[in-house]
There are 2 protein chains.
Amino acid sequence: MAIGIKVSPNKAFYLKDPQETTLGKKIIKESILLIDEIGFEDFNFKKLAVQMESTEASVYRYFENKHMLLIYLVSWYWEWVSYLMEVNTMNIKDSKEKLKLIIRTLVYASKDNAAIEFVNESVLHRLFIAEGTKAYHRKTVDQENKEGFFLNYKELVQKIADVILEIKPKFPYPHALATELFEMANNHIYFAQHLPRLTDVEVVGEDYSEVDEMIEYFAFKLLA
Amino acid sequence: MAIGIKVSPNKAFYLKDPQETTLGKKIIKESILLIDEIGFEDFNFKKLAVQMESTEASVYRYFENKHMLLIYLVSWYWEWVSYLMEVNTMNIKDSKEKLKLIIRTLVYASKDNAAIEFVNESVLHRLFIAEGTKAYHRKTVDQENKEGFFLNYKELVQKIADVILEIKPKFPYPHALATELFEMANNHIYFAQHLPRLTDVEVVGEDYSEVDEMIEYFAFKLLA
DNA sequence: TCATTAATGATAGTATTGCTATTATACAGG
DNA sequence: CCTGTATAATAGCAATACTATCATTAATGA
């Protein structure tokens, strides 16, 4: 996300646009750090206010509750990855090469970058891996879906699916494969770090190359 | 799970074995129904007590908190699927046929069956699809993993991985593929029902056949 | 049959969470 | 300098997440 570019999550996510004010940006910045640190279950607006040296009431002026804040952050992540994908595949002609670069983007989403200064994308990536699915695994999913809460995810998947179809126009499951590539990237980074017997790859520090290799293997085997 | 067979989740999950008493069984039975109905976020022991016509304090004698109850239920599900897999592939010689039956089991886990009378496996399946990942996407995952909370999942994955290796001994990612088959089954049933643009399959009522077909396609393409 | 114990129910109470309301202060634009 | 807007400070309330105590019942067994 080049400097000056603004990520634009759905207006329905917030009561007041956090990107418009200093306090709002601080909420985004600090909530990412705090959720990453203590986990979404233990996170609340009181703790966030303390960490920000602001007040609970002020945070509530921006977001209805912590679920809406998570939706906002997760949506930001989807948009951010979409953007990275675009940038990284720009001017690439070969579809297979494009898919490789897409996979690399999904795995290494956090790659440092001239990004929005108040968002630590690397931490956001980790947050998404750990908490992302909680955004849509709720009883409210259908209503929220109607209101467009997950559009960014769908657009991301559509973009990947388009490339899949460029490679193999008759592939019967382009969206499902796109979704799986994205989910696999996140899942197997998490499994490698926390439940290693559920995977075959290792992650050492920031080195996700084995995950990248594996997903490439899966993708191209399926599209062979 | 033939009548008389007892599922045996880790003792560390509970304060007092719920399978040993009438009230305990009622907690299992009613909590599955209530979580399925209102979602895990809104679920609490007070509401469960009301639904059971018991008291909050009584529920707390069995489970430390709702997270531990979820771990118990999820673990039950993993064990139940493991058991079904065994039964369904018993006496099957051909490894490919075995994998097909395993996939069918993962997708149709809820298939009615001479099961434990106080657990509605069909509802448990739905609950797992919606809430399952919340059991291990928590800050406590490493500690809980050490205490063996996820052994049932690992054993399930190992069983599938063994069959994968029977089919293709040199397949480089047997555990990851096993995990993905399981995760895909759950994800795409959920996506088909709630976020259809993330997948290519349709689920109509209880008919998961398109999911089954798709996962078979993925698995055998990868093992070709 | 009585005494003992274990399980549950009934009730109460405390600390924290989730959220709303009110007023005061600061400070930015006209 | 005035006026509106954003934030801070504070309070408060209802719900949640437990814990403790005691009474009641059921089951066990001497």
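A note on names: the letters A, B, ... follow the listed sequences, proteins ahead of strands, and every chain is numbered from 1.
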Student: In this structure, how many angstroms lie between the P atom of D/dT16 and the CD atom of A/Glu41, rounded?
Tutor: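 That distance rounds to 17 Å.
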Student: Inspect the surroundings of CD in A/Glu147 and state if more than 12 heavy atoms from other residues, nucleotides or ligands are less than 6.0 Å away.
Tutor: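 Enclosed.
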Student: Using the test ring pair (Phe, Tyr, Trp, His ring centres under 6.0 Å), find all partners of B/Phe43 that sit at least two apart in sequence or belong to another chain.
Tutor: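 Listed in chain order: nothing, the list is empty.
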Student: Rounding to an integer number of Å, can you tell me how far B/Phe43 CZ sits from D/dA15 C1'?
Tutor: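 One finds 16 Å between C1' of D/dA15 and CZ of B/Phe43, rounded.
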Student: Measure the shortest side-chain to side-chain distance between B/Phe149 and B/Thr140 over non-hydrogen atoms and say whether it is less than 4.5 angstrom.
Tutor: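 Sidechains of B/Thr140 and B/Phe149: no contact.
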Student: From NE2 of B/His67 over to P of D/dC18, roughly how many Å is that when rounded to an integer?
Tutor: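 Going from NE2 in B/His67 over to P in D/dC18 covers 11 Å.
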Student: Calculate the interatomic distance between A/Ile27 atom CD1 and D/dT7 atom C1'; express it in whole Å.
Tutor: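 Spelled out: CD1 on A/Ile27 to C1' on D/dT7 is 11 Å.
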Student: Evaluate the side-chain proximity of A/Gln19 to A/Trp76: yes if any heavy-atom separation is below 4.5 Å, no if none is.
Tutor: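 Answer yes - side chains close enough.
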Student: Between C1' on D/dA14 and NZ on B/Lys46, what's the gap in Å once rounded to a whole number?
Tutor: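 Atom-to-atom, B/Lys46 to D/dA14, this comes out as 14 Å.
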Student: Suppose we call two aromatic rings close when their centres sit under 6.0 Å apart. Are B/His137 and A/Tyr190 close by that rule?
Tutor: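 Yes, ring centres under 6.0 Å apart.
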Student: Between C/dG9, C/dA7, D/dA6, spot the one nearest the side chain of B/Tyr62, thanks.
Tutor: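 The answer is C/dA7, which lies nearest to the side chain.
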Student: How many whole angstroms separate atom CG of B/Leu23 from atom P of D/dT25?
Tutor: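 Going from B/Leu23 (CG) to D/dT25 (P), I get 17 Å.
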Student: Can you check whether B/Met52 reaches B/Val59 side chain to side chain, under 4.5 Å on heavy atoms?
Tutor: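 SC-SC contact between B/Met52 and B/Val59 confirmed.
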Student: In the 5'-to-3' direction, what one-character label does each nucleotide of nucleotides 19-24 of chain C receive under the scheme B = base within less than 4.0 Å of a protein heavy atom, S = sugar-phosphate only, - = no such atom?
Tutor: BBB---
Student: Once you apply a heavy-atom cut-off of 4.0 Å, does A/Lys16 come out as touching a base, just sugar-phosphate, or nothing?
Tutor: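 Sugar-phosphate only.
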Student: Is a salt bridge present between B/Lys139 and A/Glu41, judged by a nitrogen-to-oxygen distance below 4.0 Å?
Tutor: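 Salt bridge absent between B/Lys139 and A/Glu41.
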Student: Rounded to whole Å, please give me the gap between CG in B/Asp42 and P in C/dG18.
Tutor: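 My rounded result for the distance is 12 Å.
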Student: Would you compute the distance between atom OG1 of B/Thr179 and atom OH of B/Tyr173 and round it to the nearest 0.5 angstrom?
Tutor: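 B/Thr179 OG1 to B/Tyr173 OH: 14.0 Å, rounded to 0.5 Å.
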Student: In whole Å, what is the span from the CZ atom of B/Phe63 to the C1' atom of D/dT19?
Tutor: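 For the pair B/Phe63 CZ and D/dT19 C1', the rounded distance is 19 Å.
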Student: Determine whether the aromatic ring centres of residues A/Phe182 and A/Phe128 are separated by less than 6.0 angstrom.
Tutor: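 Here the rings of A/Phe182 and A/Phe128 have centres that are less than 6.0 Å from each other.
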Student: Between the opening five pairs and the closing five pairs of the helix from C/dT1-D/dA30 to C/dG30-D/dC1, how far apart are the helix axes, to 10°?
Tutor: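 It works out to 10° between the end axes.
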